[in-house]
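For reference, the structure discussed in these notes is given below.
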Amino acid sequence: MVTLDHASTTSNFIRNIVQEDLDAGRVTEVITRFPPEPNGYLHIGHAKSICLNFELAHDVGGKTHLRFDDTNPVKEDVEYVQAIEGDVRWLGFSWDDLCFASDYFDEMYRRAVLLVQKGLAYVCDLNSQEMRELRGTLTVPGQDSPYRNRTVHENLDLLERMKQGEFPDGAKVLRAKIDMASPNLNLRDPVLYRITHATHHRTKDAWCIYPMYDFAHPIEDAIEGVTHSICTLEFEDHRPLYDWIVEHCEMPSRPHQYEFARLNMTNTVMSKRKLKQLVDEGVVDGWDDPRMPTISGLRRRGYTPESIRNFAREIGVAKSNSIVDGRMLEYFVREDLKLKALRTMAILRPLKVVITNYEEGKVEWLDAENNAENEAMGSRKIAFSREIYIEQDDFMENPPPKYFRLTQGTEVRLKHAYFIRCEEVIKNDMGEVVELHCTYDPETKSGSGFTGRKVKGTIHFVDVQHAQPAEFRLYEPLLLDEDQKDDEFLRHINPRSLEVLRGYVEEGLQDLQPYTKYQFFRHGYFSVDPQRFDALHPVFNLVVPLKSSYQL
RNA sequence: UGGGGAGUAGCCAAGUGGUAAGGCAACGGACUUUGACUCCGUCAUUCGUAGGUUCGAUCCCUACCUCCCCAGCCA
């Protein structure tokens, strides 16, 4: 017996159903599918669905298809097909079969003809306005179309002529003949085919009629032998229609549809429409802007596939609408990068320090481990000399209580180096601190075992002569509020979602190339931006800051 | 107010007639050459509300409340 035992996956109602189906012998092999429409980019919400479908099938030795639901040529494009394939692969999944709804257009047409022959579908000449009027309302039943009783012969002829291109867009549709009085609006003679004279990205001009989702999707699933067709909650009341199509089209296999709640997260938006709006209105730089919750945005930001997969597993799968705290995603990327990223020093807001008792012209190369929690990552040498940069925040003239960093007359430890004491503060005409004069104590060298004195704080630094200029792009959530009204979300844009700083990193940073992740001490995890890559002047995207129990 | 769903901690989320898993967040404390990490501890006498059945209900029954979805020739 096949058993679900994914180590870190707790049970959810869909896994329970799959297990029961397996136990009861209703299915012998589980086949799931991820069915995006190639009309936009994938986001973290899709990642939830991708992980669910692929991992579920994988865990019971089943298969998963990547299927493009390309039934609407006016919105779709190959560009999206390629981007989607790349995103799914990047997330770490391999599909067992790559499918396109458009590959089944012939089969779908034959099934439509079958429905007509059985008297279960008819060609309707009503325009969309008229159709809406006859559909009734939530509380008022609809009325039959005047074309509802055309003969099978006439319908067959009309459908064929629709296919042949005899009629203009919108002139006729093929409708299922179900029940205009059904309390479920989806059953009030839903449209199965519409006329659209448009070039399809794959079938080109072979067709001028295209199947609607409700007709196409169950047929696609059945053709592929999909056993568990998982979609989101809004399709719940389409399920009776899904089952109707599978049954009356006499599909040899019986897929079943299950619905789960789509992902929502705090401080961001998750609909294609809103994401597109952010791009179109220039709020962000594009679909792969590191602030976007798109897969491409997260990738560019520096998120890892592992972190996204772990996140997807941990948030669970259920039927109640919910909003996941964005900090959960951050937790998983910190967790993933903790032992993988090189821990180095970077100064984002430089303040020059002159160590007045340090010999001029001398340079020391100090030992520094690359990751104190992962010895296998080895160590490197870092430069130390008379002039260094420290972080502006690490010095205050009038510090608040419990400030463990540098102040005039106090001592701190420089990570990997020595204790320094601030002796003098140099200011410019405006009274701003521009330089510090400090002294160091040679006896306190890091690794020497010095225990003579204790200091409260350890700060990081970069040697001036061996500092490499770098750009740091810091990000905050795109939206300030969590529950924006649909059309007002643009008013809640966080004006500080991006902050660009110019500072320094250690010279000769190991493995400096696009997407390399570093932990910059006391700041956070950063990833080398692939679009602006320049080894001499690297740009680092803040993936996620380190947690901190102290706020200035 | 027709139909379909959902209500378990600040946020996700298991569980299901036998007395509330886990994660995130938060808060204490220990440790610390990252105010990080790690460790230890705290965090639902209660499962939308009110009744009922039962020895016993978050789970079964009844009523009610709240929220979400559906009137595209989009998916």
Side-chain angles (χ1 to χ4, degrees), chain A residues 8 10-13 35-37 39 69 71-72 74-75 124 126-128 131-133 135-142 169-175 181-188 190-196 209-210 212-214 216-217 231-240 259 261 263 265-266 272 310-311 313-332 334-335 338-339 343 345 368 372-373 402-405 412-417 419 444 446-447 455-460 482 519-524 545-552:
Chain A
S8 57
T10 54
S11 76
N12 63 55
F13 78 100
E37 181 188 15
N39 69 344
D69 205 3
T71 57
N72 186 358
V74 305
K75 290 189 172 179
C124 181
L126 256 25
N127 62 36
S128 54
M131 207 179 289
R132 188 181 322 128
E133 284 161 7
R135 186 153 34 221
T137 69
L138 295 180
T139 51
V140 177
D169 288 3
K172 293 180 178 358
V173 292
L174 180 72
R175 290 227 255 172
S182 172
N184 182 343
L185 305 230
N186 296 117
L187 265 20
R188 318 244 264 226
V191 173
L192 267 21
Y193 266 98
R194 78 285 213 176
I195 300 172
T196 302
I209 59 172
Y210 291 92
M212 298 290 289
Y213 169 88
D214 283 322
H217 212 85
C231 63
T232 44
L233 253 29
E234 67 270 27
F235 292 104
E236 216 154 8
D237 36 48
H238 290 238
R239 196 187 329 132
E259 312 84 14
L263 172 66
M265 286 211 287
T266 55
K272 276 184 192 169
N310 290 338
F311 168 76
R313 271 196 285 273
E314 202 55 44
I315 55 175
V317 176
K319 298 193 73 156
S320 66
N321 292 305
S322 59
I323 304 175
V324 174
D325 192 329
R327 289 177 297 186
M328 232 203 249
L329 217 208
E330 296 189 332
Y331 167 82
F332 284 102
R334 279 193 199 100
E335 188 66 14
K338 188 164 58 193
L339 300 182
R343 300 182 181 181
M345 302 201 281
E373 292 181 88
K402 297 205 175 153
Y403 182 81
F404 300 152
R405 286 110 95 148
V412 293
R413 182 197 299 275
L414 290 178
K415 178 78 180 170
H416 299 311
F419 287 13
T444 59
S446 191
V455 288
K456 276 280 186 52
T458 297
I459 65 173
H460 60 281
E482 298 171 10
Q519 182 199 103
F520 292 145
F521 267 103
R522 303 204 299 134
H523 285 299
L546 254 21
K547 286 181 62 165
S548 174
S549 58
Y550 181 78
Q551 294 300 326
L552 267 179

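To find a chain, count down the sequence lines: A is the first, B the second, and so on, and within it residues start at 1.
At a threshold of 4.0 angstrom between heavy atoms, the contacts of A:H238 include nucleobase atoms, whether or not backbone atoms are also involved. Contacts of A:H217 with the nucleic acid, taken as non-hydrogen atoms under 4.0 Å apart, are absent. Residue contacts shown for A:R413 include a base, since a base heavy atom lies under 4.0 Å away. Residue-level contact check: A:R405 touches the bases, meaning some heavy atom is under 4.0 Å from a base atom. Contact annotation for A:I315: backbone-only contact, meaning every heavy-atom pair under 4.0 Å involves sugar-phosphate atoms and none involves a base. Residue contacts for A:V140: at a heavy-atom cut-off of 4.0 Å it reaches no nucleic acid atom on any strand shown. A:N12 comes within 4.0 angstrom of the backbone, heavy atoms only, and of no base. Here A:F235 lies in heavy-atom contact (under 4.0 Å) with a base. Among the heavy atoms of the strands lying under 4.0 Å from A:S548 are primed sugar atoms or P, OP1, OP2 only; no base atom is included. Among the heavy atoms of the strands, none lies under 4.0 Å from A:K172. Using a 4.0 Å heavy-atom criterion, one finds that A:G142 contacts no nucleic acid atom at all.
Here A:F235 and A:Y213 bring their ring centres to under 6.0 angstrom of each other. For A:H238 and A:H217, the distance between ring centers is not under 6.0 angstrom.
Within the 4.5 Å cutoff, the side chain of A:I315 has heavy atoms near those of the A:L263 side chain. Residues A:M265 and A:M328 form no side-chain contact, since every pair of their non-hydrogen atoms from C-beta on lies 4.5 Å or further apart.
In this structure, CD of A:E236 is placed 6 Å from P of B:A6, rounded to the nearest angstrom. The interatomic distance linking A:M265 (CE) with B:C24 (C1') rounds to 13 Å, in whole Å. Between the NZ atom of A:K456 and the P atom of B:A36 there is a distance of 14 Å, given to the nearest Å. Straight-line distance from the CE atom of A:M328 to the C1' atom of B:A13: 8 Å, rounded to whole Å. Taking atom CD on A:Q519 and atom C1' on B:U34, their separation rounds to 7 Å, with Å as the unit. We find that CG of A:L263 is positioned 16 Å from P of B:C11, with the value rounded to whole Å. To the nearest angstrom, C1' of B:A75 lies 9 Å from CE of A:M212. Look at CD1 on A:I323: it is 15 Å from C1' on B:C24, rounded to the nearest Å.
Between A:K272 and the phosphate of B:A75, there is no side-chain N or O to OP1/OP2 separation shorter than 4.0 Å. At B:G72, one or more side-chain N or O atoms of A:R132 fall inside 4.0 Å of OP1 or OP2 (strictly under the cut-off). Note on A:S322: a side-chain N or O is less than 4.0 Å away from OP1 or OP2 of B:A13. Between A:S11 and the phosphate of B:G15, there is a side-chain N or O to OP1/OP2 separation shorter than 4.0 Å. Remark: A:Y213 is not in phosphate contact with B:C74, judged by side-chain N or O atoms under 4.0 Å from OP1 or OP2. Distances shown here put every side-chain N or O of A:S182 at or beyond 4.0 Å from the OP1 or OP2 atom of B:G3. Here A:R188 does not reach the OP1 or OP2 of B:C70: none of its side-chain N or O atoms lies under 4.0 Å away. Considering only side-chain N and O atoms, A:R239 lies nowhere under 4.0 angstrom from the phosphate OP1 or OP2 of B:G3. Contact annotation: A:R522 side-chain N/O to B:G35 OP1/OP2 distance is under 4.0 Å. Contact annotation: A:R313 does not reach the phosphate of B:A13 (side-chain N/O to OP1 or OP2, under 4.0 Å).
Of the candidates B:G2, B:A75, B:G35, B:G35 carries the atom nearest the A:Y403 side chain, counting heavy atoms from C-beta on. Counting only heavy atoms from C-beta on, A:L185 has its side chain closest to B:A71 among B:G35, B:A14, B:A71. Side chain of A:E335, nearest nucleotide from B:C12, B:G22, B:U38: B:U38. Distance from the side chain of A:F404 is smallest for B:G35 among the nucleotides B:G72, B:G35, B:A25. Nearest to the side-chain atoms of A:K319 among the listed nucleotides B:G35, B:A71, B:G5 stands B:G5. For A:S320, the listed nucleotide lying nearest its side chain is B:G7; candidates were B:A75, B:C73, B:G7. Counting only heavy atoms from C-beta on, A:A318 has its side chain closest to B:A13 among B:C69, B:C73, B:A13. Side chain of A:N72, nearest nucleotide from B:C74, B:A36, B:A14: B:C74. Distances were taken from every side-chain heavy atom of A:D325 (C-beta onward) to each of B:A75, B:G10, B:U34; the shortest belongs to B:G10. Of the candidate nucleotides B:C73, B:G5, B:U34, B:U34 has the atom lying nearest to any side-chain atom of A:T458.
Here the separation of B:C68 from B:U46, taken at their C1' atoms, is 26 Å to the nearest Å. For the P atoms, the distance linking B:U42 with B:C61 amounts to 37 Å, nearest Å. B:C24 and B:C37 have their P atoms separated by 11 Å, with the value rounded to a whole Å. Nucleotides B:A50 and B:G22 place their P atoms 28 Å apart, quoted to the nearest Å. For the P atoms, the distance linking B:A9 with B:A14 amounts to 13 Å, nearest Å. A gap of 10 Å separates the P atoms of B:U66 and B:U1, to the nearest Å. The separation of B:U53 from B:U62, taken at their P atoms, amounts to 15 Å, rounded to a whole angstrom. Distance noted for atom P between B:U58 and B:G52: 14 Å (whole Å).
Judged by distance alone, with hydrogens and angles left aside, the side-chain atoms of A:S182 form no donor-acceptor pair with the main-chain N or O of A:L187 at under 3.5 Å. In this structure, A:R194 contributes its side chain and A:G170 its backbone to no donor-acceptor pair below 3.5 Å.
Comparing A:N184 and A:F332 by the nucleotide of RNA chain B that holds the closest heavy atom to each, the one mapping nearer the 5' end is A:N184. Nearest-nucleotide positions on RNA chain B place A:V324 closer to the 5' end than the other of A:K338 and A:V324.
A:T71 and A:Y210 make their closest contact through O-CB, 3.4 Å (heavy atoms, listed as atom of the first residue, atom of the second, distance). Of all heavy-atom pairs spanning A:A261 and A:S320, the tightest one is CB-O, 3.4 Å.
In this entry the base of B:G72 is syn relative to its sugar, with a glycosidic angle within 90° of 0.
For the pair A:E373 and A:R343, the salt-bridge criterion is met [side-chain N within less than 4.0 Å of a carboxylate O]. Residues A:E335 and A:K338 are paired through a salt bridge, judged by an N-O separation under 4.0 Å between the basic side chain and the carboxylate.
A stacked arrangement is assigned to A:Y550 and the six-membered base ring of B:G35, with a centre-to-centre distance below 5.5 Å and an interplanar angle below 30°.
Below the 3.5 angstrom threshold, one finds no donor paired with an acceptor across the side chain of A:E373 and the base of B:U38.
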